[in-house]
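One-based numbering, in listed order, for ligands and for the atoms of each. The first residue of the sequence shown is numbered 1, and numbering continues consecutively from there.
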Amino acid sequence: MNTENISLFYAANIYTAQGNNEQIITDAAIVVAKGIIIWLGEKSTLPKVYDSVEVTQSFNNGWITPGLIDCHTHLVYGGNRADEFRKRLEGQSYESIAREGGGIISTVKATRCSSEQELIDSASKRLEGLLAEGVTTIEIKSGYGLDLENEIKMLRAARELENRYSVDIKTTCLAAHALPPEYENRADDYIHTVCESILPAVHGLNLADAVDAFCENIGFTTAQVEMIFNKAQQLGLPVKLHAEQLSNQDGSTLAASYNALSVDHLEYLDENGVKAISESGTVAVLLPGAFYFLRETKLPPINLLRKYKVPIAIATDSNPGSSPCNSLLLMLNMACTQFSMTPDEALMAVTHHAAKALGIADKQGQIKIGQQADFVHWDIEQPEDLAYYFGNNPCLQVFKKGEVVAF
Ligand code: NIG
Ligand code: FE
């Protein structure tokens with residue numbers, strides 16, 4: 001066997017995110033070829049063929065986990081909404097700010113005024129914050145352009161980040177995020193434009209890996225979302241949905257009927273909705289940053305999600321309105337303190353389940369034979385420490401496809 005292009009890592013402790021009896025492996029070895037894990041197990045059982053391979057690196061202390069995955073972000077945008085934060089602290093609601101033409105629409109105005117380069121530069125700073133905490137894959141949504149030119153600009157900026165950083169980026173077209181001002185009182189016309197112009201164009205340019213929408217009183221109705229989903233299906237794109245964030249619209253049930261990869265937010269999700277997503281294998285993406293920053297009090301139905309064995313992911317939802325946050329580690333802690341998730345559930349939520357929410361669970365999110373060799377070395381005593389500490393970054397080193405990532 002030619003062992004020339006093979007890397008061998010020794011690790012005192014690995015959290016694999018396999019969720020089985022191999023969840024933790026101690027005194028382990030990982031063998032990597034062409035960026036893929038080709039062998040994993042206890043060092044003492046390493047096959048003889050690898051005896052001649054020089055050890056690339058030994059992690060004698062701390063823990064190795066899969067690279068973290070932030071499966072729901074709006075990282076690319078112009079401007080900032082600190083003024084609305086102040087208004088909300090004075091008592092105005094998120095919905096009423098949106099109805100006055102603020103909210104998402106104020107970010108649409110700022111994003112339309114930004115050049116592609118400005119969007120790349122501002123998103124880069126946010127991305128660097130995520131990468132420094134061991135994030136190796138992120139999803140980025142459009143949805144602050146709301147016309148063909150500006151949705152394309154956002155998605156191109158998102159794709160460009162992948163060329164600049166050692167990160168995998170999944171892009172999602174969220175053109176049905178809000179009604180643009182030029183379509184006031186003509187929501188159906190806008191949905192028609194999204195279906196007949198924006199979605200086919202971004203798909204034709206290979207700028208979208210999935211399609212999302214905001215199903216809400218201040219967003220779009222289930223009937224409108226259904227038109228978006230039909231178009232996505234025609235184009236062969238998987239769907240996701242911002243659902244049940246501020247009220248129960250039964251968006252999750254609709255999304256389940258389209259085999260959505262994920263439904264996201266879910267504070268108002270009821271048992272029927274949980275059953276529906278359980279049957280379709282849809283991931284529940286919870287967003288503790290938005291829950292916290294909007295000072296919500298209605299908790300997502302964690303116990304029902306557990307009862308129906310729905311995989312739960314968590315993400316930053318990084319965006320200027322409801323979650324101006326670029327720390328996935330902080331979300332781990334908040335998922336536990338606010339939603340009573342266990343530290344292990346929270347870790348699965350930013351690894352294997354986050355990969356599922358992006359439709360890439362066969363390649364990423366676990367330390368397992370056949371998976372991409374994306375992993376992080378942490379200065380921690382046990383995996384729970386990643387959820388236990390907050391405002392603390394114990395990331396020592398990040399590996400993407402078996403190569404150390406400089407940041
Ligand atoms: O995920 N809920 C809708 N969309 C974003 C917020 C967008 C914004 O306020 O700018 C979210 O919370
Ligand atoms: Fe969001």
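Taking the six-membered ring for Trp and thresholds of 30 and 60 degrees, F291 and F339 have ring planes more than 60 degrees apart, a perpendicular arrangement. Aromatic ring orientation, H265 versus H72: perpendicular (interplanar angle above 60°, classes split at 30° and 60°).
At a threshold of 4.0 Å, the pair E345-R306 counts as salt-bridged, since one of the basic side-chain nitrogens sits closer than that to a carboxylate oxygen. We find that R112 and E182 are joined by a salt bridge, their nearest charged nitrogen and carboxylate oxygen being less than 4.0 Å apart.
For D264 and Q245, the side-chain atoms include no donor-acceptor pair closer than 3.5 Å.
R295 forms no cation-pi arrangement with Y94, by the criterion of a distance under 6.0 Å to the ring centre and an angle within 45° of the ring axis. Remark: K275 fails to qualify as a cation-pi partner of Y308 under the 6.0 Å distance and 45° angle criteria applied to the six-membered ring.
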Only pairs under 3.5 Å count here: list side-chain donor-acceptor contacts from residues 193-206, not counting sequence neighbours, and write none if there are none.
{"residue": "T193", "atom": "OG1", "partner": "Y183", "partner atom": "OH", "Å": "2.8"}
{"residue": "T193", "atom": "OG1", "partner": "D189", "partner atom": "O", "Å": "3.1"}
{"residue": "H203", "atom": "NE2", "partner": "L235", "partner atom": "O", "Å": "3.3"}

List the atom pairs, with distances to 0.1 Å, where a side-chain N or O of residues 31-40 and a protein N or O form a donor-acceptor pair under 3.5 Å, not counting sequence neighbours.
none

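For ligand 1, residues of the protein lying within 4.0 angstrom by heavy-atom distance are H72, H74, R81, Y94, I104, Y144, H177, F214, H242, Q245, H265, D317, N319, G321, S322.
Counting only protein N, O or S atoms, 4 lie closer than 2.8 Å to the Fe ion (ligand 2).
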